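Hydrogens, waters and symmetry mates play no part in the numbers below; they use all other heavy atoms, side chains included. A quick note: this is a predicted structure, and the numbers were derived from the prediction, not measured.
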Amino acid sequence: RVSRRDGQYQRRVRWASHQLRSAGCCGGMAKNTELPVIIPLSNPREKAELTAHDAFTWTGHKCLFASGSPSSALEVGSQINTPTQGTNAYINGGIALGSMATGAQNIPQELFLAAAKAIGGSASDEHLETGAVLPPVEHLRQVTINVAVAVATTIFELGLASVVEPKNIQDLILSVYWHHHHYQFLTQQGWRSISAENNFQVLAR
């Protein structure tokens, strides 16, 4: 017999209550909308509100899902669904890059709306067909450039830039975009790699 004061018992009750609320919530969403959007963002995965498997199961395999932690691909019927990782890495770099390239005087809410639209527009039809709502994290470099261009365009439209608007905003973004290069150099301990070109030049003197 387990005492109700036992810590393990209380944790099991909280877990069961949480699962029931999640199942009821997801099922209710599936009844009231054709394709519910479910985005549990808690990290790490062990603390997530629910898993991709739970979300697809409780909605009858009809939902758009993204999570704060990476999720493995799922087989839903004859289709392979690839849950998206919803991370602020999609937006932070592009906001910063676009603002720095234009010398933005401040960062209003409109820039985040432009960034969100750019992120959504970066997902291809092929990605969307797999159940993803965002482009893969592996495409983060290109997404960052897309976001930066959208942010810079908005900054110029709002008159917040400290530089003259160029004919091609993407060229402006790429001119300040940092590309790291890996070099190898020989030490007494063997070959070492270093990523920043200026650091390599200092060490080579």
Side-chain angles (χ1 to χ4, degrees), residues 1-96 107-144 146-148 150-151 154:
R1 184 178 180 180
V2 180
S3 169
R4 294 198 175 196
R5 294 182 179 179
D6 181 76
Q8 186 176 7
Y9 170 83
Q10 293 177 1
R11 286 194 296 271
R12 288 178 177 175
V13 169
R14 286 197 298 270
W15 179 86
S17 176
H18 167 74
Q19 292 296 99
L20 289 172
R21 289 199 303 272
S22 297
C25 178
C26 292
M29 291 173 67
K31 290 180 180 179
N32 289 289
T33 185
E34 182 178 353
L35 196 64
V37 178
I38 301 174
I39 307 179
L41 293 178
S42 294
N43 277 311
R45 185 179 304 173
E46 294 75 18
K47 295 183 179 293
E49 295 86 346
L50 75 161
T51 65
H53 179 271
D54 289 337
F56 283 109
T57 299
W58 293 335
T59 59
H61 304 297
K62 294 181 179 180
C63 70
L64 293 175
F65 180 89
S67 59
S69 299
S71 297
S72 302
L74 300 172
E75 185 174 353
V76 181
S78 59
Q79 183 178 352
I80 300 297
N81 279 41
T82 306
T84 305
Q85 182 182 359
T87 169
N88 56 13
Y90 283 110
I91 198 169
N92 290 348
I95 290 282
I107 303 178
Q109 191 69 28
E110 288 87 346
L111 302 190
F112 293 92
L113 179 59
K117 291 180 178 178
I119 294 170
S122 298
S124 67
D125 292 339
E126 290 77 11
H127 297 145
L128 298 176
E129 288 174 0
T130 66
V133 295
L134 296 170
V137 175
E138 292 78 14
H139 294 186
L140 186 58
R141 185 181 297 272
Q142 184 58 53
V143 173
T144 297
N146 296 347
V147 170
V151 167
T154 304

query = Is any side-chain heavy atom of V37 less than 4.5 Å from a side-chain heavy atom of C63?
reply = no
Counterpart residues, side chain to side chain contact (heavy atoms under 4.5 Å, CB included), relative to T84 (two or more places apart) = A66, Y90, A132, V133, L134
ask   = Roughly how far, to the nearest 0.5 Å, is the NE2 atom of H61 from the NE2 atom of H53?
value = 7.5 Å
key: Heavy-atom pair with the smallest gap, counting every atom of I38 and M29   = CG1-CE, 3.9 Å
query = From S67 OG over to I39 CD1, what is the distance, rounded to the nearest 0.5 angstrom?
reply = 9.5 Å
task = Could I get the full list of side chain to side chain donor-acceptor pair (under 3.5 Å) partners for T87, not counting sequence neighbours?
result = none
key: Residues that A118 engages under side chain to side chain contact (heavy atoms under 4.5 Å, CB included), provided they are two or more places apart   = V147, A150
ask   = Is any side-chain heavy atom of P36 less than 4.5 Å from a side-chain heavy atom of L64?
value = no
query = Under 3.5 Å, is there a donor-acceptor pair between the side chain of T59 and the main chain of A55?
reply = yes
inquiry  = Within the 4.5 Å heavy-atom criterion, are F112 and V151 side-chain neighbours or not?
reply    = no
query = How long is the span from the CD1 atom in I95 to the CG atom in L111, to the nearest 0.5 Å?
reply = 5.5 Å
request  = Please work out which of the three classes, parallel, tilted or perpendicular, describes the rings of F56 and F65, given edges at 30° and 60°.
outcome  = tilted
ask   = What pairs with T144 under side chain to side chain donor-acceptor pair (under 3.5 Å), at least two apart in sequence or on another chain?
value = none
For E34 against K62, the heavy-atom pair lying closest together = O-CB, 4.3 Å
request  = List for me each residue that meets side chain to side chain donor-acceptor pair (under 3.5 Å) alongside T51, sequence neighbours excluded, and say none if there are none.
outcome  = D54
ask   = With N32, which residues qualify under side chain to side chain contact (heavy atoms under 4.5 Å, CB included), at least two apart?
value = none
remark   = Residues pairing under side-chain hydrogen bond (donor to acceptor under 3.5 Å, both in side chains) where one sits in residues 115-125, two or more places apart or in two chains, turn out to be S122-N146, S124-E126, S124-H127
